[in-house]
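In this chain, residues are counted from 1 in sequence order.
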Amino acid sequence: TFDYSVCEVDYHKNKYYILRNNIVLPELQQLTRPTHALSQLALLTIILSMIHMANNALDEADLWETLKILGIDKSETHVDFGETEKLLNEFVKQMYIEKHKLTTSKELVTQLRWG
(Lines give C-alpha, C1' and ligand atoms only; values in the text may rest on other atoms or scores of the structure.)
Protein backbone atom coordinates (compact mmCIF):
# COMPACT_ATOMS: atom_id res chain seq x y z
CA THR A 1 0.00 0.00 0.00
CA PHE A 2 0.95 3.63 -0.33
CA ASP A 3 1.21 5.41 2.97
CA TYR A 4 0.62 9.06 2.15
CA SER A 5 -1.72 11.55 3.74
CA VAL A 6 -3.05 14.87 2.60
CA CYS A 7 -1.90 17.73 4.85
CA GLU A 8 -3.52 21.11 5.02
CA VAL A 9 -1.06 24.01 5.13
CA ASP A 10 -2.14 27.52 6.07
CA TYR A 11 -0.18 30.13 4.17
CA HIS A 12 -1.08 33.82 4.43
CA LYS A 13 -4.75 33.14 5.18
CA ASN A 14 -5.00 30.61 2.34
CA LYS A 15 -5.22 26.85 2.65
CA TYR A 16 -3.13 24.55 0.48
CA TYR A 17 -2.95 20.78 0.40
CA ILE A 18 0.18 18.68 0.03
CA LEU A 19 0.97 14.98 0.11
CA ARG A 20 3.03 13.80 3.05
CA ASN A 21 4.95 10.53 3.22
CA ASN A 22 3.91 8.59 6.35
CA ILE A 23 6.25 5.61 5.94
CA VAL A 24 8.14 5.09 9.17
CA LEU A 25 11.92 4.73 8.98
CA PRO A 26 12.22 0.89 9.27
CA GLU A 27 9.76 0.47 6.39
CA LEU A 28 11.52 3.18 4.41
CA GLN A 29 14.87 1.40 4.69
CA GLN A 30 13.35 -1.70 3.07
CA LEU A 31 12.50 0.26 -0.06
CA THR A 32 15.03 0.93 -2.78
CA ARG A 33 16.35 4.41 -2.16
CA PRO A 34 16.11 6.84 -5.05
CA THR A 35 19.32 8.19 -6.45
CA HIS A 36 20.72 11.35 -4.94
CA ALA A 37 19.85 13.31 -8.10
CA LEU A 38 16.22 12.16 -7.99
CA SER A 39 15.95 13.18 -4.33
CA GLN A 40 17.27 16.63 -5.16
CA LEU A 41 14.87 16.90 -8.10
CA ALA A 42 11.97 16.02 -5.80
CA LEU A 43 12.93 18.79 -3.37
CA LEU A 44 13.38 21.26 -6.21
CA THR A 45 9.90 20.37 -7.50
CA ILE A 46 8.40 20.97 -4.06
CA ILE A 47 10.13 24.35 -3.74
CA LEU A 48 9.18 25.50 -7.24
CA SER A 49 5.58 24.41 -6.62
CA MET A 50 5.48 26.46 -3.42
CA ILE A 51 6.88 29.49 -5.25
CA HIS A 52 4.25 29.07 -7.95
CA MET A 53 1.43 28.79 -5.39
CA ALA A 54 2.68 32.00 -3.75
CA ASN A 55 2.31 33.93 -7.03
CA ASN A 56 6.01 33.62 -7.86
CA ALA A 57 7.28 35.31 -4.70
CA LEU A 58 7.78 33.17 -1.58
CA ASP A 59 9.40 34.41 1.61
CA GLU A 60 12.28 32.11 2.51
CA ALA A 61 11.04 31.91 6.10
CA ASP A 62 7.71 30.54 4.83
CA LEU A 63 9.55 27.96 2.74
CA TRP A 64 11.42 26.60 5.78
CA GLU A 65 8.28 26.67 7.92
CA THR A 66 6.41 24.54 5.37
CA LEU A 67 9.34 22.19 4.70
CA LYS A 68 9.61 21.59 8.45
CA ILE A 69 6.07 20.17 8.34
CA LEU A 70 7.42 17.68 5.79
CA GLY A 71 10.31 16.75 8.07
CA ILE A 72 12.90 18.88 6.26
CA ASP A 73 14.65 21.21 8.69
CA LYS A 74 17.37 23.60 7.53
CA SER A 75 19.25 23.17 10.81
CA GLU A 76 19.52 19.38 10.40
CA THR A 77 21.22 17.16 7.85
CA HIS A 78 18.51 15.31 5.93
CA VAL A 79 19.01 11.64 5.05
CA ASP A 80 18.23 12.23 1.34
CA PHE A 81 19.14 15.88 0.73
CA GLY A 82 22.06 16.40 3.08
CA GLU A 83 22.40 20.02 4.15
CA THR A 84 19.20 21.47 2.74
CA GLU A 85 20.22 25.10 3.10
CA LYS A 86 23.34 24.43 1.00
CA LEU A 87 21.19 22.57 -1.52
CA LEU A 88 18.83 25.55 -1.78
CA ASN A 89 21.84 27.77 -2.50
CA GLU A 90 22.96 25.26 -5.14
CA PHE A 91 19.55 25.58 -6.81
CA VAL A 92 20.13 29.35 -6.85
CA LYS A 93 23.58 28.88 -8.44
CA GLN A 94 22.03 26.58 -11.04
CA MET A 95 19.49 29.36 -11.74
CA TYR A 96 16.39 27.31 -10.91
CA ILE A 97 15.57 29.78 -8.14
CA GLU A 98 16.32 33.46 -7.61
CA LYS A 99 16.85 35.04 -4.19
CA HIS A 100 15.84 38.66 -3.71
CA LYS A 101 16.52 40.62 -0.53
CA LEU A 102 13.76 43.09 0.32
CA THR A 103 13.71 45.62 3.10
CA THR A 104 10.36 46.02 4.79
CA SER A 105 9.51 48.53 7.46
CA LYS A 106 10.36 45.91 10.10
CA GLU A 107 13.10 43.68 8.73
CA LEU A 108 15.13 42.34 5.85
CA VAL A 109 13.20 39.60 4.02
CA THR A 110 14.56 37.13 1.48
CA GLN A 111 12.10 36.22 -1.26
CA LEU A 112 12.43 33.24 -3.55
CA ARG A 113 11.28 33.34 -7.17
CA TRP A 114 11.52 31.13 -10.23
CA GLY A 115 14.93 31.38 -11.85
Does the side chain of [X] reach to within under 4.5 Å of the side chain of [Y], using non-hydrogen atoms?
| X | Y | result |
| --- | --- | --- |
| Arg113 | Gln111 | yes |
| Leu88 | Trp64 | yes |
| Asn56 | Ile51 | yes |

Tell me whether [Y] is reachable from [X] by hopping between hydrophobic residues (I, L, V, M, F, W, Y) whose side-chain heavy atoms are closer than 4.5 Å.
| X | Y | value |
| --- | --- | --- |
| Leu63 | Val109 | no |
| Leu102 | Ile97 | no |
| Tyr17 | Leu19 | yes |
| Val92 | Leu44 | yes |

Return the [atom1] to [atom2] distance between [X] and [Y], rounded to the nearest 0.5 Å.
| X | Y | atom1 | atom2 | answer |
| --- | --- | --- | --- | --- |
| Glu90 | Glu85 | CD | CD | 13.5 Å |
| Gln94 | Asn89 | CD | CG | 11.0 Å |
| Tyr96 | Leu48 | OH | CG | 9.0 Å |
| Glu60 | Asp62 | CD | CG | 10.5 Å |
| Leu58 | Met50 | CG | CE | 5.0 Å |
| Leu43 | Thr84 | CG | OG1 | 7.5 Å |

Exercise for review: Check whether more than 12 heavy atoms from other residues, nucleotides or ligands sit under 6.0 Å from atom CG of Asn55, and answer yes or no.
Suggested key: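 No, because the 6.0 Å sphere around CG of Asn55 holds 12 heavy atoms or fewer from other groups.
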**Study point:** Neighbour count above 12 (heavy atom, 6.0 Å) for Lys86 NZ
**Key:**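 Not more than 12 within 6.0 Å, no.
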Review point. Per the side-chain contact (heavy atoms from CB on, under 4.5 Å) rule, which among Val9, Val6, Ile46 passes with Ile18?
Key: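 Between Ile18 and the candidates, side-chain contact (heavy atoms from CB on, under 4.5 Å) is satisfied uniquely by Val9.
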Check your understanding: Any donor-acceptor pair under 3.5 Å linking the side chain of Asp59 with the backbone of Ala61?
Key ->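 Not confirmed, Asp59 side chain does not pair with Ala61 backbone.
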Point to revise | Expected output: side-chain Arg20 to main-chain Ile69 donor-acceptor under 3.5 Å | key: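 Checked: pair present.
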Exercise for review: Apply the test side-chain hydrogen bond (donor to acceptor under 3.5 Å, both in side chains) to residues Glu98 and His100: give CA-CA distance (whole Å), side-chain angles for both, the deciding distance (0.1 Å), then the verdict.
Suggested key: CA-CA 7 Å; Glu98 295 176 353; His100 297 272; 2.9 Å; yes
Check your understanding: Is any NZ, NE, NH1 or NH2 atom of the basic residue among Glu8 and Lys15 found under 4.0 Å from an Asp or Glu carboxylate oxygen of the other?
Key ->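 Yes, Glu8 and Lys15 are salt-bridged.
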